[in-house]
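Following: one structure in structure tokens, then a few remarks.
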2 protein chains.
Amino acid sequence: MSPTGKNADPTGNQVPAATVARLPTYLRALHLLIERGVGTSSSSGLAELSGVSSAQLRKDLSFLGSFGTRGVGYNVEALAESMNRVLGLATEHRVMIVGMGNLGQALADYRGYDSRGFKVVALLDNNDGVIGKDVRGIVVEAMADIDAVVERERVSFAIVATPARSAQDAVDAIVQAGVRGILSFAPISLQVPDDVDVQAVDVGSELQILAFHKQAREMGMA
Amino acid sequence: MSPTGKNADPTGNQVPAATVARLPTYLRALHLLIERGVGTSSSSGLAELSGVSSAQLRKDLSFLGSFGTRGVGYNVEALAESMNRVLGLATEHRVMIVGMGNLGQALADYRGYDSRGFKVVALLDNNDGVIGKDVRGIVVEAMADIDAVVERERVSFAIVATPARSAQDAVDAIVQAGVRGILSFAPISLQVPDDVDVQAVDVGSELQILAFHKQAREMGMA
DNA sequence: GCGTGTGAAGAACTTCACAGCT
DNA sequence: AGCTGTGAAGTTCTTCACACGC
């Protein structure tokens with residue numbers, strides 16, 4: 001999960017991968033509380049909003065530091081800010097989307113990047129029918145120019161939204177261009193060097209997991 | 001992860017959640033091998049394609065039954081078929097997409113459902129500007145009609161692609177209509193009854209995990 | 001008194017290593 | 001001889017339960 005096998009937090013300690021995966025959820029819950037004007041929350045309140053146990057939440061936070069006040073709870077804003085720092089969101093991260101089909105365009109249109117620390121700075125495709133097109137103020141460029149684009153825009157992360165058959169080639173080019181974090185929506189297992197970090201999302205796989213659970217439910221009843 | 005906390009396989013045993021999450025990956029690898037005309041594969045060959053260790057793959061398969069031949073390996077087609085059965089993909093599952101914004105339309109356009117056992121049979125939205133529109137041969141219907149749609153189309157699963165603010169309402173309606181498996185793309189934690197199964201995908205959260213790893217990498221080097 | 005922070009216990013998952021079948 | 005299937009060992013993750021500080 002981690003490229004190095006080590007997840008160092010700002011104090012140099014190790015953070016379990018399972019904990020890292022939950023941090024964004026906690027941050028979402030905190031933003032919700034801020035919106036609602038809640039100033040303080042207990043671990044159980046925050047945990048319920050996040051869908052985990054209060055013990056789990058406290059243990060997770062303990063890997064990052066000590067943020068609460070005994071007998072009181074957590075200062076919502078202060079915790080959100082600490083968590084931002086831990087997640088490395090203090091500075092904006094620059095994202096490139098590769099593959100401008102339906103999904104790529106939908107991802108380019110997504111409104112949620114800014115509020116969560118990301119900015120889409122480049123769009124790439126290898127299809128002449130799309131290259132040059134303007135999508136939400138960004139002109140789609142050619143895959144062939146990827147090295148120049150990554151350098152010019154100082155891209156940190158790439159989102160892969162190509163068809164399955166071209167995804168591995170796209171990833172090879174992305175890695176070659178120096179990007180070390182990839183979010184892939186392509187329904188294949190990608191091969192990357194050890195120092196590159198891949199998060200994969202596959203709609204078909206998620207549905208198949210639902211199908212398994214449904215079947216388990218139905219058999220459990222028989 | 002599982003609604004009941006128990007994952008019964010066809011023989012009545014328990015399958016760990018972590019194993020269930022990997023089964024779709026194995027199935028993808030098997031389809032790749034079938035395409036390539038490979039008839040037999042060892043656990044290590046299949047594992048490499050799937051990005052896991054051979055011991056992991058053998059252990060995972062052992063929860064489902066005994067599919068290989070010692071000294072030889074696995075018959076690719078037979079294993080794919082067994083896995084289809086285990087995952088409950090023998091019959092086609094009927095899917096409804098709720099929320100026809102950019103993402104919903106991109107998901108409706110996605111070509112990968114059929115080959116993986118799913119069929120999109122209904123599209124819903126609560127915006128008059130979209131209701132009645134034809135998307136790939138399916139007319140978008142009103143959220144208000146959800147109960148009738150679920151019954152008429154015998155919907156098994158719902159994909160939620162609404163904005164965050166309306167996602168919980170959409171999920172409540174989906175559950176009320178009798179659907180027990182939900183794949184959500186909304187960036188919020190959803191509250192559902194215990195017997196409803198939710199798989200959640202959040203682009204922002206995935207990017208934040210990448211950001212954490214990047215930060216850990218950079219601090220680890222200092 | 002109250003809720004956090006945390007060692008310790010327990011559960012789940014992964015890896016090891018080899019017996020057993022072909 | 002070779003590769004699967006699997007108990008056992010090892011690791012990671014979760015839950016428990018209580019000491020600690022407000």
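Only heavy atoms go into these numbers, but all of them, side chains included; no hydrogens, no water, no symmetry mates. Note on naming: letters A, B, ... go to the chains in the order of the sequence lines (proteins, then strands), and numbering restarts at 1 for each one.
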Quiz prompt | Test item: side-chain donor near acceptor, Ser50(B) and Arg22(B), under 3.5 Å | solution = no
Practice problem: Take atom CD of Glu48(B) and atom C1' of dC3(D), then tell me their distance rounded to the nearest Å. | Solution: 16 Å
Quiz item: More than 12 foreign heavy atoms under 6.0 Å from CD of Glu48(A): is that the case here?
Solution: no
Exercise. Verify the distance criterion only: is there a donor paired with an acceptor across the side chains of Asp172(A) and Gln168(A) at less than 3.5 Å?
Key: yes
Quiz item: Got Leu23(B) and Leu64(B) here, is their nearest side-chain heavy-atom distance under 4.5 Å?
Solution: yes
Quiz item: Over how many whole Å does the gap from Asn75(B) atom CG to dT4(D) atom P extend?
Solution: 13 Å
Quiz item: Using a cut-off of less than 4.0 Å, is there contact between a side-chain N or O of Gln56(A) and OP1 or OP2 of dT15(D)?
Solution: yes
Self-check item: Sequence-aligned protein contact record of nucleotides 2-11 of chain C, with B where the base is within under 4.0 Å of a protein heavy atom and S where only the sugar-phosphate is
Solution: BBBBBBB---
Quiz item: So, for Gly88(B) and Gln215(A), which heavy atoms are closest and what is the spacing to 0.1 Å?
Solution: CA-OE1, 3.0 Å
